[in-house]
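Here the structure is laid out as C-alpha cells; the discussion comes afterwards.
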Amino acid sequence: MSAQQPDRFLFWTLTPLNARRVQNFKANRRGYWSLMIFLVLFVLSLFAELIANDKPLLVKFEDSYYTPVFKMYPETTFGGFFETEADYRDPYVEELITDSGGWMVWPLIRFSYNTINRDIPVPAPSPPDSANLLGTDDQARDVVARAIYGFRISILFALALTFFSTIVGVAAGAIQGYFGGRTDLYFQRFIEVWASMPVLYVLIILASIITPNFWWLLGIMLLFNWMGLVDVVRTEFLRARNFDYVRSARALGVGDTTIMWRHVLPNAMVATITYLPFIVTGAIGTLTALDFLGFGLPPGSASLGELVKQGKNNLQAPWLGLTAFFVLAILLSLLTFIGEAVRDAFDPRKSLENGGGA
C-alpha cells in the first residue's frame, strides 16, 4: 500500500498525528477556552427547566413530596377545588401548602419562557428589577428565561441541521468525486440549479400553507443547507481516487463502497471537520433571521430572533435589544473562535512544524 493511504480505522484514535492536532487546538488558547465556555453554557441550557421555571423543583405537602417540574399535579392534590394543574404562583395555592407545614423549593428564576408576570409595576415591557433581572418583553415575559430557552433551541437546531447536512453533503460529494465523469457532471448541474432556488421565497410560500415548527423548519433548511460541504468532499475524493492505494484496492477486487467509506472518506473528513463550527454558526444566524422575519419557529416560542424583533419594535425598552445582541454576539463569537482553533489544529503545515522535531 502507498504511504498516501489514510489511517483508516485509526483515524479517530489518538495516533501521533491526531495527538498533535489536539495539541494544536489546545495551543490556541482563545479557541480552547471558547470551547470550554460554550460547553458549560450549552450543558446548563439543557437543564433550563431546572434553572428557569414557574413550577417548584420540590414541594412538601403534609407528609408527601412532589416534583412539579417533572410531573403535573392538579390543584386538588394540595387541597384545592380544581382538577386543573396547580398554579404554584397563585397565593391561594401557596397558602394551602404553607398552612399544612409544607414548603416549596423554587428554581433560580421563577419564570419559564412563556410565563406572564402579572405583578410587574409598570405596563410591559417593564425595566429590569429584582424579580425580572433583565426586565420583561411586551408580553410581560421574563427576558432572562426567554434568552436561556432561546439559546438552547438555537444550539439544538444548529447542531441537528449541521449533523444531517453533513451526512447528506458528505454522501453527495463522495459519490460525485469518486465516480467522476458523467455522474460528477450531472450532479454539478443539479446543484447549480438547486442552489439558485430563492430559499427565503420558498419558506414564505410554505409558511403560508403549513404552520412552521422545529422539525418542519429543520427539514426545509436541510433541503438547501447540505450543498455547503459537497465541494469540499468532492475535491478530496477527486484527488484521492487515483492514489496508488485506491488503485491497488480495486485491483484486489475491493468494492467501490468499501473503498469510498473505509479508505477515502477519512482523508475527506479532515477538511470537512474544519468547516463544521462555521456551519453551526451559519445555521444559528439563519434561524435567528427567519424568526426575526416571522417565518421561523411558531409565535411565542423561545427564540433569539424573536427577542431581536422585540428589541426593534420596542426601542423605548433598550434592555430587549441589548440582551439579544449580547447573547448572539457571545454565542457566535465562541463558535467562530472554536472554528478557527479547529482549522488551525487540522492545518497540515502546523502538524509538520510540531512534528518536525519528533
Side-chain angles (χ1 to χ4, degrees), residues 41-120 124-126 129-157 159-160 210-219 287 291 296-307 310 327:
L41 294 176
F42 178 53
V43 171
L44 287 176
S45 72
L46 293 177
F47 299 94
E49 286 79 6
L50 303 180
I51 300 173
N53 210 318
D54 55 3
K55 300 174 184 178
L57 301 175
L58 183 66
V59 174
K60 180 182 183 297
F61 178 73
E62 295 180 344
D63 295 326
S64 301
Y65 293 90
Y66 303 89
T67 54
V69 73
F70 298 113
K71 185 178 179 180
M72 190 276 287
Y73 300 101
E75 186 179 296
T76 53
T77 303
F78 307 104
F81 298 100
F82 299 103
E83 294 289 344
T84 55
E85 184 175 8
D87 181 2
Y88 301 94
R89 298 174 56 84
D90 187 342
Y92 172 69
V93 176
E94 291 185 14
E95 185 177 355
L96 288 174
I97 294 173
T98 56
D99 286 350
S100 70
W103 40 261
M104 293 185 288
V105 177
W106 286 89
L108 183 63
I109 300 170
R110 295 177 58 168
F111 304 95
S112 186
Y113 71 91
N114 58 355
T115 304
I116 297 177
N117 185 0
R118 305 185 188 279
D119 298 325
I120 53 177
S126 64
D129 56 26
S130 59
N132 305 104
L133 299 180
L134 292 178
T136 66
D137 63 9
D138 57 11
Q139 301 295 318
R141 299 170 298 193
D142 185 73
V143 173
V144 176
R146 292 190 66 79
I148 293 173
Y149 283 86
F151 180 94
R152 179 175 68 178
I153 199 170
S154 296
I155 294 297
L156 292 177
F157 179 87
L159 292 178
I210 305 172
T211 302
N213 57 45
F214 181 94
W215 296 108
W216 177 90
L217 194 60
L218 181 65
L287 178 64
D291 288 335
L297 298 172
S301 300
S303 162
L304 297 180
E306 195 264 350
L307 193 57
Q310 290 252 3
V327 172

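Atoms considered below: every heavy atom in the structure, side chains included; atoms not considered: hydrogens, waters and symmetry mates.
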Does P56 have any side chain to side chain contact (heavy atoms under 4.5 Å, CB included) partners at least two apart in sequence or in another chain, and if so, which?
V59, P68, Y88, M104, W106
For D137, what residues pass the side chain to side chain contact (heavy atoms under 4.5 Å, CB included) criterion, not counting sequence neighbours?
Q139, R141, R146, Q310, L320
Do F42 and L156 make a side-chain contact, defined as non-hydrogen atoms from C-beta onward lying under 4.5 Å apart?
yes
Close side-chain approach of F47 to I148, heavy-atom, < 4.5 Å
no
Test your reading of the model: is there a side-chain donor-acceptor pair from D54 to the backbone of S112, 3.5 Å cut-off?
no
Listed by chain and number, what are the side chain to side chain contact (heavy atoms under 4.5 Å, CB included) partners of N117, not counting sequence neighbours?
R89, F111, D119, I120, N132
Once you measure the plane-to-plane angle for Y73 and Y66, does it fall in the parallel (<30°), tilted (30-60°) or perpendicular (>60°) bin?
perpendicular
How far apart are the closest heavy atoms of L304 and A147, and which atoms are they?
CD2-O, 4.1 Å
Of all heavy-atom pairs between A48 and Y149, which one has the smallest distance, and what is that distance?
O-OH, 3.5 Å
Could you tell me whether a side-chain N or O of S303 sits under 3.5 Å from a main-chain N or O of G305, the two making a donor and an acceptor?
yes
Gap separating the CD1 atom of I97 from the CZ atom of F78, nearest 0.5 angstrom
5.0 Å
Can any side-chain N or O of E75 pair as donor or acceptor with the backbone N or O of F81 at less than 3.5 Å?
yes
Is atom OH of Y113 surrounded by more than 12 heavy atoms (other residues, nucleotides or ligands) closer than 6.0 Å?
no
Please determine whether side chain to side chain contact (heavy atoms under 4.5 Å, CB included) holds for the pair L217 and L287, giving the CA-CA distance in whole Å, both sets of side-chain angles, and the decisive distance to 0.1 Å.
CA-CA 9 Å; L217 194 60; L287 178 64; 3.5 Å; yes
Kindly indicate whether the side chain of P107, heavy atoms from C-beta on, has any atom under 4.5 Å from the side chain of I51.
no
Closer than 3.5 angstrom, by distance alone: can the side chain of K60 be matched with the main-chain N or O of E62 as a donor-acceptor pair?
yes
What residues form a ring pair (Phe, Tyr, Trp, His ring centres under 6.0 Å) with F82, not counting sequence neighbours?
none
Value rounded to 0.5 Å, distance of NZ in K55 from NZ in K71
13.0 Å
Please evaluate residues S64 and F61 with respect to the criterion side chain to side chain contact (heavy atoms under 4.5 Å, CB included), reporting the C-alpha separation (whole Å), side-chain torsions for both, the decisive distance (0.1 Å), and the verdict.
CA-CA 5 Å; S64 301; F61 178 73; 5.8 Å; no
State whether the number of non-hydrogen atoms from other residues, nucleotides or ligands found under 6.0 Å of D63 atom CG is greater than 12.
no
So how far is it from N114 CG to I116 CD1, rounded to the nearest 0.5 Å?
8.0 Å
Sorted by chain and residue number, the side-chain hydrogen bond (donor to acceptor under 3.5 Å, both in side chains) partners of S126 (sequence neighbours excluded) come out as T136
I'd like to check the side chain to side chain contact (heavy atoms under 4.5 Å, CB included) partners of L41; sequence neighbours left out, ordered by chain and number.
I37, F151, L334
Scanning both residues in full, the closest heavy-atom pair of D291 with L297 reads OD1-N, 2.7 Å
Are L133 and D142 packed together at the side-chain level, in the sense that at least one heavy-atom pair is separated by less than 4.5 angstrom?
no
Separation of E49 CD from F70 CZ (nearest 0.5 Å):
9.0 Å
